[in-house]
Structure formats: C-alpha cells, structure tokens
Amino acid sequence: MAVPEKQEFEDICIRCGGCCGIFDGDPCEHLRRDNEGTTYCTVYENRFGSHRTLTGRVMECVPIMDKLSEDWIGDHICAYKRKYLDQE
Ligand code: SF4
C-alpha cells in the first residue's frame with residue numbers, strides 16, 4: 001500500500017470528525033466545528049496521546065492508519081477507510 005507525502009495524505013481527510021467521536025455524542029474535548037460545519041482539532045500538531053472526551057472519558061489519539069482496523073460510529077464515511085481498506 002503506497003501512502004502519499006504528508007500534505008497529500010492529510011488532504012484525503014474530509015474532516016468529518018468521526019474518528020474523534022463526533023457521531024457517538026461524546027467527542028474529544030479538542031474537537032470543534034468551523035462556520036461551514038467542518039471539524040478541526042485545536043491541538044492538531046500535538047494531538048497524539050491521551051485526551052479526554054466531553055464527559056471526561058480517556059481516549060487515545062493515534063495516527064489514522066493505526067486506527068483503520070477499528071470500528072467507530074460513522075466510520076463508513078472515513079475517507080482513509082474508503083481509500084485504503086477498499087483496496088485490500
Ligand atoms: S473519520 Fe476519517 S475522514 Fe473523518 S475526520 Fe477522521 S480521519 Fe478524517
């Protein structure tokens with residue numbers, strides 16, 4: 001599986017926020033929406049590691065490619081799952 005350069009790889013993301021828990025009602029505390037409804041992370045450059053959700057649950061942020069085999073609510077729209085898992 002060929003993974004593109006960093007910016008090209010990051011541009012694959014559609015910023016749905018699903019991997020950060022937006023569809024399960026208890027997202028990461030650092031997840032926000034902009035005026036167009038697109039999600040973003042307030043600590044993006046330092047995102048990996050332990051964080052809290054809005055209710056205080058501990059969650060681990062990991063590189064998306066390390067998370068592709070996991071299931072989460074709304075994961076069927078994740079652009080990385082669609083691109084890389086559909087190739088397998
Ligand atoms: S679920 Fe996939 S497409 Fe959506 S924000 Fe996370 S990495 Fe990006």
Side-chain angles (χ1 to χ4, degrees):
M1 174 193 324
V3 176
E5 295 298 315
K6 185 173 189 290
Q7 189 59 53
E8 186 182 349
F9 180 77
E10 301 224 337
D11 287 346
I12 293 169
C13 181
I14 59 171
R15 311 282 189 259
C16 68
C19 61
C20 306
I22 201 158
F23 300 124
D24 70 16
D26 188 25
C28 178
E29 63 183 340
H30 302 295
L31 191 67
R32 300 285 187 280
R33 271 192 203 275
D34 65 20
N35 290 336
E36 296 170 350
T38 304
T39 64
Y40 64 95
C41 174
T42 60
V43 295
Y44 189 75
E45 295 302 324
N46 298 301
R47 66 195 181 281
F48 298 132
S50 293
H51 299 284
R52 295 275 179 180
T53 66
L54 292 180
T55 65
R57 184 171 47 91
V58 174
M59 63 180 290
E60 293 293 320
C61 181
V62 299
I64 190 64
M65 295 303 277
D66 293 351
K67 194 176 165 73
L68 288 190
S69 62
E70 296 179 19
D71 298 322
W72 62 86
I73 296 173
D75 64 354
H76 62 287
I77 64 173
C78 175
Y80 296 96
K81 281 209 171 206
R82 294 171 70 105
K83 181 175 179 67
Y84 293 109
L85 296 185
D86 287 353
Q87 288 179 354
E88 292 178 352

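We count ligands from 1, going down the list as the structure has it; atoms in each ligand are counted the same way.
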(message) With a 6.0 Å cut-off (strictly less than), is the heavy-atom count around CD of Glu5, excluding the residue itself, greater than 12?
(response) no
(message) I'd like to check Thr42 versus Tyr40 (side-chain heavy atoms, cut-off strictly below 4.5 Å). Are they in contact?
(response) yes
(request) Could you pull out the closest heavy-atom pair between Lys67 and Cys19, with the gap in Å? (result) CE-O, 3.5 Å
(message) Minimum heavy-atom separation for Val62 and Phe48, please, with both atom names.
(response) C-CE2, 3.5 Å
(message) Given a threshold of 2.8 Å, state how many protein N/O/S atoms are nearer than that to atom 4 (Fe) of ligand 1.
(response) 1
(message) side-chain contact (heavy atoms from CB on, under 4.5 Å), that's the test. Do Lys81 and Asp71 meet it? Break it down for me.
(response) CA-CA 10 Å; Lys81 281 209 171 206; Asp71 298 322; 4.0 Å; yes
(request) Show which residues join Phe23 in its hydrophobic cluster (side-chain heavy-atom contacts under 4.5 Å, direct or indirect), or state none. (result) Ile22, Leu31, Ile73, Ile77
(message) Within ligand 1, which atoms have a heavy atom of Ile64 less than 4.0 Å away?
(response) 7 (S)
